[in-house]
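Each remark here refers to the structure printed beneath this line.
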2 protein chains.
Amino acid sequence: MPETAGGSRAGNRALSVMDLIREAILGGTVGAGERLNEVQLSRNLAVSRTPVRAALQALAGEGLLDYAPNRGFTVREFPLPAIMDAYDIRASLEGVAARFAAERGLRPEENAVIERSLAAGDKLLERGSFEAGDLTIYRGINGDFHDTLLAAARNRMLGEMIRICHHVPMSSSRNIVAFEYRDVRRRHDDHHRIHEAIVAREPWRAELLMREHVSSIKASLIRALAERNADHPGEARPADASMT
Amino acid sequence: MPETAGGSRAGNRALSVMDLIREAILGGTVGAGERLNEVQLSRNLAVSRTPVRAALQALAGEGLLDYAPNRGFTVREFPLPAIMDAYDIRASLEGVAARFAAERGLRPEENAVIERSLAAGDKLLERGSFEAGDLTIYRGINGDFHDTLLAAARNRMLGEMIRICHHVPMSSSRNIVAFEYRDVRRRHDDHHRIHEAIVAREPWRAELLMREHVSSIKASLIRALAERNADHPGEARPADASMT
DNA sequence: TTCCCAATAAGTGAATACACTTTACTGGGC
DNA sequence: GCCCAGTAAAGTGTATTCACTTATTGGGAA
């Protein structure tokens, strides 16, 4: 076995193969609509077809691949409208998650994580502008906030659905670099208010705030795309965002 | 399941095996939390382990099974709170679907199906009470309405998520028999109003109506469970609804 | 008796071989 | 030159086999 596949998830080739293929899709190594050849993949990854098939089926379950009998798996296409829809769907789902969290309450350690993320964001933003690397740092802060809230919702299915929304290409904020200081500032304020609503046990306010919060990300993305189109009129057509 | 694996989906054993196992889970032949043995299943279904594994992986993707490396697949448990949550999640998602449908408009043939389902419901309800079998008929009418609306939302991911909610044991209305005439009457009125909002191109009204519509199903279920518990105090404890 | 551990059975993970389907290619007829 | 059929190649579907992990069971020691 030259270059054993992955290496991360020991003892289970299928899972590490799954991670590799997922990265290849999200990273754009394989394009949308492209067909994934099992024998070719197994050659490249130095495993047999069995774990490759398992990985492909699992990725189809995540909604990243399409399956057709006797025809194999293809990378699912995400046209721009579908990506925009994903934000609406995620806004709705994360809204429900915030409501559940407010109904069920935060555990002390969860509250601690959230308050830490709020404080870290405050510190990062107090300078009044962003320097290089700050956006990456805030991405981590933002992830902590949302992940903890999702855990506080105490519903597995909901978590999985939101995770699927995040895996839609370009739908996750980590795929976006065009955010400006004032966008992040405003979203961080949202976090404060959402936290307030949850500790005050105001479920419906929490839901509304979270919903608007995620929707505003969509609005930012639309603006960023429009600006990019204005800067480079030739390239970056709407279809361009469908994937990599 | 002694018979040879189903004749329905020709040419692909894995898919028919998947249908059989799904029915076994939803029908209660295998209980929640139970472990599914691959060799035993392949013996019973008279196929090799390969299509069985494929089916199990696919069902795990649907959220019906849990997977643990080197430990195989188990039937996921759905305690009563998780079932109730599923209604909230579905209410939110179907609300979004109704909004999308209102934004994008109904195709003539879709509108025809919906108006036919509305008329059929009117006819069934005009007697003022239900006879045996009427509920089954209305179930079909109800399904046509919701399925067509979902198609009109024109978003695949949304459809899949709602489908997952329907497959949560006891979460689909088809699993419930305890609905009374006035419940159905009121829900059919909802259908009329939702249709109105969609043809009038009022997205947010459509969303709100649909959300309330699905939430009212949850309320009916809670009442039905409470009455059942009152009738048979010994049996039918909350945990009882977790599965079959 | 209870706990621990080894031996063994049972079960999943992966590789390989073969069957069947789809697709691509090639040659002949129109 | 185009279309179609037949055939070969490629690719997926399934069965089988072996490797490896996990669960079980029985015996021995504290």
Side-chain angles (χ1 to χ4, degrees), chain A residues 1-22 24-25 29-62 64-76, chain B residues 1-22 24-25 30-31 33-62 64-76:
Chain A
M1 206 194 312
E3 302 214 58
T4 94
S8 46
R9 308 173 99 149
N12 198 319
R13 289 158 154 75
L15 292 178
S16 40
V17 166
M18 184 176 160
D19 290 341
L20 290 173
I21 299 178
R22 199 212 323 275
I25 295 170
T29 308
V30 295
E34 199 168 320
R35 183 165 166 180
L36 294 177
N37 187 314
E38 295 178 8
V39 295
Q40 186 182 319
L41 280 172
S42 51
R43 264 201 312 268
N44 292 348
L45 302 173
V47 296
S48 81
R49 277 177 58 210
T50 309
V52 170
R53 279 182 72 84
L56 293 176
Q57 282 173 318
L59 289 170
E62 283 188 11
L64 235 56
L65 300 179
D66 282 327
Y67 170 74
N70 288 313
R71 213 159 298 179
F73 296 85
T74 54
V75 179
R76 189 180 286 198
Chain B
M1 311 161 247
E3 300 299 315
T4 83
S8 47
R9 304 216 199 186
N12 198 318
R13 293 178 214 276
L15 292 177
S16 40
V17 166
M18 184 176 158
D19 290 342
L20 289 173
I21 298 178
R22 198 211 324 275
I25 296 170
V30 294
E34 199 168 320
R35 182 166 168 180
L36 295 177
N37 187 314
E38 295 178 9
V39 295
Q40 186 182 319
L41 280 171
S42 52
R43 263 202 312 269
N44 291 348
L45 302 173
V47 295
S48 81
R49 276 177 57 211
T50 310
V52 170
R53 278 183 74 84
L56 293 176
Q57 284 168 328
L59 289 169
E62 283 187 11
L64 236 57
L65 299 178
D66 282 327
Y67 169 74
N70 288 314
R71 212 160 301 179
F73 297 86
T74 54
V75 179
R76 188 179 287 196

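Numbers restart at 1 for each chain; the letters A, B, ... are given by sequence-line order, proteins then strands.
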* Asked: For A:A58, which residues count as a side-chain contact (heavy atoms from CB on, under 4.5 Å) partner, sequence neighbours excluded?
  -> A:M18

* Hey, does B:A54 reach any base, or is it just sugar-phosphate, or nothing, if we go heavy atoms under 4.0 Å? -> nothing

* Answer with base, sugar-phosphate or nothing: what part of the nucleic acid does B:Y67 contact at a heavy-atom distance below 4.0 Å? => sugar-phosphate

* Quick one: is D:dT12 close enough that its OP1 or OP2 comes under 4.0 Å of any side-chain N or O from B:N12? -> no

* To do: Could you pull out all residues at least two apart from B:E62 that satisfy salt bridge (Lys or Arg N to Asp or Glu O under 4.0 Å)?
  => B:R22, B:R163

Which atom pairs link the protein and nucleotides 15-19 of chain D when you take only N or O atoms and keep those under 3.5 Å?
from   : atom 1 : to    : atom 2 : distance (Å)
D:dA15 : OP2    : B:S48 : N      : 2.7
D:dA15 : OP2    : B:S48 : OG     : 2.5
D:dA15 : O5'    : B:S48 : OG     : 3.4
D:dA15 : N7     : B:T50 : OG1    : 2.7

* Asked: Nearest to the side chain of A:R53, which nucleotide is it out of C:dT12, D:dT14, C:dA14?
  -> D:dT14

* To do: Five pairs at each end of the helix from C:dT1-D:dA30 to C:dC30-D:dG1: take the axis at both ends and give me the angle between them to 10°.
  => 20°

* Going by the side-chain hydrogen bond (donor to acceptor under 3.5 Å, both in side chains) test, which pairs reach into residues 44-60 of chain A, not counting sequence neighbours? -> A:E38-A:R49, A:E38-A:R53

* Which whole-number value in Å describes the distance from A:Q40 CD to D:dG11 C1'? -> 11 Å

* Are OP1 or OP2 of D:dG11 and a side-chain N or O of A:N37 less than 4.0 angstrom apart? -> yes

* Closest heavy-atom contact between B:L65 and B:V75? -> CD2-CA, 3.8 Å

* Structure fact -> Heavy-atom nearest nucleotide on DNA chain D taken for B:R35 and for A:R35; more 5' hit belongs to A:R35

* Go through the structure and list residues passing side chain to side chain donor-acceptor pair (under 3.5 Å) with B:Q40, not counting sequence neighbours. => none

* Structure fact -> Smallest heavy-atom separation, B:P69 atom then A:L15 atom, equals CG-CD1, 3.9 Å

